[in-house]
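From a predicted model like this one, the values you see are computed outputs, not experimental measurements.
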Amino acid sequence: MESQEPEQPDEAGVKEPARQRGQAQIQSLAKGLEMLSLFRADRPSMTVEELAREVNIPKSSAYRVVATLRDRGYLRKLPRGEGYSLGALTIRFGEVVRESSILHRVAPPIMQALAAESRETAIIAIKSGDRGIVTDKADSPEMMRWIPERGWSFPLHVGATGKVILAWLTPAERRAYLEKPLERPTDHTIADAAKLEKELAKVREDGFAIMDEEAMEGGRAVA
């Protein structure tokens with residue numbers, strides 16, 4: 001005989017099959033994780049209204065998800081109604097990811113040697129969705145230098161490191177990226193899909209990419 005899942009009353013007293021409740025809980029988890037991924041170095045705080053709009057759920061649902069994340073230490077409420085930022089608990093995850101990464105174990109001596117020889121800042125970045133994330137760095141010994149923070153993110157088409165990542169995605173992945181609107185932080189950023197595809201083909205042919213003021217005015221890099 002096939003067993004049936006018990007029904008439980010919801011907040012309104014209406015009975016709902018356990019399977020549907022589980023699906024709703026997984027959906028809430030997905031929305032919560034999506035919210036956490038929205039916080040970046042250039043967007044360290046967000047209001048509930050902004051989070052609701054970004055993940056496309058009603059504000060009342062967003063309040064419940066945010067309250068859960070706040071109570072468990074993943075979000076922190078800012079004073080004077082300024083919204084929320086990532087909580088201290090998320091710092092631990094970043095450290096765990098870095099410590100478990102092969103790159104973190106292998107790359108530092110190479111990065112430090114490269115920074116010392118070039119006298120420029122050396123970074124490592126990985127792909128996270130449609131953005132690159134700086135996971136480690138070795139600072140330039142010069143007084144005037146670029147010092148990105150670990151965790152700083154950037155659109156993949158902006159800058160040398162991102163173009164290298166984009167260039168060696170599969171054709172389907174690259175096409176999906178190029179079909180989306182492309183941000184243009186400076187006048188030098190390649191924000192036209194056809195021109196960018198041509199640039200990425202050159203990157204694959206050369207084996208390296210150059211950034212010439214595409215991410216910031218006066219900034220140049222090679223990857």
For this session: Applying side chain to side chain contact (heavy atoms under 4.5 Å, CB included), run through His188 and Asp212 and close with a yes or a no.
Result: CA-CA 7 Å; His188 302 276; Asp212 188 3; over 6 Å; no
Name all residues meeting the side-chain contact (heavy atoms from CB on, under 4.5 Å) criterion together with [X]; count only those two or more places apart in sequence or in a different chain, and write none if there are none.
X: Ser45; value: Leu78
X: Ile210; value: Phe208, Val222
X: Lys180; value: Asp130

Is a side-chain donor or acceptor of [X] paired with a backbone partner of [Y] at a separation under 3.5 angstrom?
X: Arg40; Y: Ser153; result: no
X: Glu214; Y: Met211; result: no
X: Arg204; Y: Ala167; result: yes
X: Lys31; Y: Val55; result: yes
X: Tyr84; Y: Leu51; result: no
X: Thr186; Y: Glu213; result: yes
X: Thr135; Y: Ala125; result: no

For this session: Evaluate whether atom CG of Asp206 has more than 12 neighbouring non-hydrogen atoms of other residues, nucleotides or ligands under 6.0 angstrom away.
Result: yes
Exercise. Should the pair Glu54-Arg43 be classified as a salt bridge under the 4.0 Å nitrogen-to-oxygen rule?
Worked result: yes
Exercise. Taking it one step at a time, do Leu75 and Leu36 satisfy side chain to side chain contact (heavy atoms under 4.5 Å, CB included)?
Worked result: CA-CA 8 Å; Leu75 288 180; Leu36 292 177; 3.9 Å; yes
Problem set entry | Check against side chain to side chain contact (heavy atoms under 4.5 Å, CB included), Leu169 and Leu166 | CA-CA 5 Å; Leu169 293 181; Leu166 265 182; 3.7 Å; yes
Exercise. Applying side chain to side chain donor-acceptor pair (under 3.5 Å), which residue pairs with at least one partner in residues 111-123 are found, sequence neighbours left out?
Worked result: Arg119-Glu142
For this session: Only counting residues at least two apart or in another chain, list the ones meeting side chain to side chain donor-acceptor pair (under 3.5 Å) with Arg72.
Result: none
Problem set entry | salt bridge (Lys or Arg N to Asp or Glu O under 4.0 Å) partners for Arg184, two or more places apart | none
